[in-house]
*Asks:* 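So that we are looking at the same thing, I have put the structure below in structure tokens.
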Amino acid sequence: MGFLPTDYRPTSGTTESSDTKRNRYFDPGKRLKDGESTTFRLCGLHDTGHVIAGWSYFTMDGQPRKFPKYPENFAEEIGLTWAGKTNGTGEKDKPRYFLSFVGLSKEDDDYLIYTFQRKDLRVQLEEVLALEDYQILPSGVANFYLTLKRKGIETNTSYTLTPTLKVPTKAEEKRWSEVADSIWLPAVYVNGDPFSGKPNAGRPEGLPPTHRDDLGADHEVATVTAEAMPAGW
């Protein structure tokens, strides 16, 4: 029985750099230049902890904060707007809505966390998901690819999201099944690492409470709402 954990990373060994970690987060505005594109396949669902939505902002010292609901009492710590920083006006920013999800990047051949903060991007994604033949399969892998292309620079920028039907191979579905539990997006709500895996008691914000049986299976716990209670309860 050794002192150190079996998965301990020695200081002299190879460790994941901060640049590598950042590269697993895909922000279209930072990763794509004018005329560039990227292709990826959606993997996972909200129920499995691979899709989240909420509100985010940067603090005065540049630290990211994310919340499943609109935050309260943020005025003191929230950072400045671009104009507030460049013009010296001190104007405070505001929380912004975001959608984050896991996708398998065709270029990186790795699972990345994509974040859509722009409304036009979210609208295009919603339109694709509403198409009859474009689905997330029972394996949790989409039966289509998405190609995201950027046009323009700075504030004069637009994006096009184009879907292409392509059923995943059995190997692709198996690959996702082997790594799905190692990614847990709700971790960002507590400034955790979403690539550290799903906690034992983890469940996405808004899901019903569950209990785990002796075989390790999760079962929904019945809850009673005020509307469902009999009169005079």
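These figures come from a predicted structure and were not determined experimentally.
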*Asks:* Kindly give the heavy-atom pair with the smallest separation between S56 and Q117, and that separation in Å.
*Replies:*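 Scanning both residues, the minimum pair turns out to be OG-NE2, 3.2 Å.
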
*Asks:* Is F40 reachable from Y145 through a run of hydrophobic residues whose side-chain heavy atoms are each under 4.5 Å from the next?
*Replies:*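 Not linked; separate clusters.
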
*Asks:* Taking the six-membered ring for Trp and the single ring otherwise, decide whether the centroids of F195 and Y111 are under 6.0 Å apart.
*Replies:*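 No - the distance between ring centres of F195 and Y111 does not fall below the 6.0 Å cut-off.
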
*Asks:* So, for Y159 and Q124, which heavy atoms are closest and what is the spacing to 0.1 Å?
*Replies:*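 Nearest pair, atom of Y159 first, then Q124: O-NE2, 2.9 Å.
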
*Asks:* Out of curiosity, does I136 fall in the hydrophobic cluster containing Y134 (side-chain heavy atoms, cut-off under 4.5 Å, transitive links)?
*Replies:*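 Y134 and I136: one cluster.
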
*Asks:* With a distance cut-off below 6.0 Å to the six-membered ring centre and an angular limit of 45° from the axis, does K66 pair with F98 as a cation-pi contact?
*Replies:*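 Ring-cation test returns yes.
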
*Asks:* What's the spacing between D109 CG and L104 CG if we round to 0.5 Å?
*Replies:*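 Spacing of CG (D109) from CG (L104) equals 6.5 Å.
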
*Asks:* Okay, side chain of K92, backbone of E76: is any donor-acceptor separation there less than 3.5 Å?
*Replies:*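 Judged by distance alone, yes, a pair lies under 3.5 Å.
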
*Asks:* Is K149 paired with D34 through a side-chain N to carboxylate O contact shorter than 4.0 Å?
*Replies:*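 Looking at K149 together with D34, the answer is no, because their closest N to O distance does not fall below 4.0 Å.
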
*Asks:* Over all heavy atoms of both residues, which pair between T115 and S100 is shortest? Give the atoms and the distance, please.
*Replies:*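 Heavy atoms of T115 and S100 come nearest at OG1-OG, 2.7 Å.
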
*Asks:* Distance alone, cut at 3.5 Å: any donor-acceptor contact between the side chains of T147 and S37?
*Replies:*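 No.
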
*Asks:* Kindly indicate whether a cation-pi arrangement holds for R41 with F144, taking the cut-offs as under 6.0 Å to the six-membered ring centre and within 45° of the axis.
*Replies:*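 No, R41 does not lie over the aromatic ring of F144.
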
*Asks:* Under a 4.5 Å cut-off applied to non-hydrogen side-chain atoms, are L42 and L146 in contact?
*Replies:*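 The answer is yes; the side chains approach within 4.5 Å.
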
*Asks:* R150 side chain to S158 main-chain N or O, any donor-acceptor pair under 3.5 Å?
*Replies:*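 No, R150 side chain to S158 backbone: no donor-acceptor pair under 3.5 Å.
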
*Asks:* Can E77 and R65 be counted as an ion pair, charged N to O under 4.0 angstrom?
*Replies:*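 Yes, E77 and R65 are salt-bridged.
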
*Asks:* To the closest 0.5 Å, what do you measure between CG (L125) and CG (L148)?
*Replies:*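 L125 CG to L148 CG: 10.5 Å, rounded to 0.5 Å.
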
*Asks:* Which atom names give the shortest non-hydrogen contact between T157 and R118, and what distance separates them?
*Replies:*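 Minimum heavy-atom contact is O-NH2, 3.1 Å.
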
*Asks:* Are R31 and D108 close enough for a salt bridge, meaning some N to O gap below 4.0 Å?
*Replies:*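 Salt bridge flag = yes for D108 with R31.
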
*Asks:* Go through the side-chain N and O atoms of D61 and T59 and say whether any donor and acceptor fall under 3.5 Å apart.
*Replies:*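 Judged by distance alone, the side chains do pair up.
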
*Asks:* Test W55 against every option in F74, F67, Y97 by the ring pair (Phe, Tyr, Trp, His ring centres under 6.0 Å) rule and name the one that passes.
*Replies:*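 For W55, the ring pair (Phe, Tyr, Trp, His ring centres under 6.0 Å) check succeeds only for Y97.
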
*Asks:* Of the non-hydrogen atoms in N143 and P168, which two are nearest, and what is the gap between them?
*Replies:*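 Smallest interatomic distance, heavy atoms only, reads CA-CD, 3.8 Å.
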
*Asks:* Distance-only, no hydrogens or angles: does the N87 side chain make a donor-acceptor pair with backbone N or O of T89 under 3.5 Å?
*Replies:*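 Between the backbone of T89 and the side chain of N87 there is no qualifying donor-acceptor contact (under 3.5 Å).
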
*Asks:* Hey, is K174 close enough to E178 for a salt bridge, meaning N to O under 4.0 Å?
*Replies:*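 Between E178 and K174 there is a salt bridge, with a charged N closer than 4.0 Å to a carboxylate O.
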
*Asks:* At their closest point, which heavy atom of G62 faces which heavy atom of F58, and how far apart are they?
*Replies:*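 Where G62 meets F58 most closely, the heavy atoms are O-CD2, 3.4 Å.
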
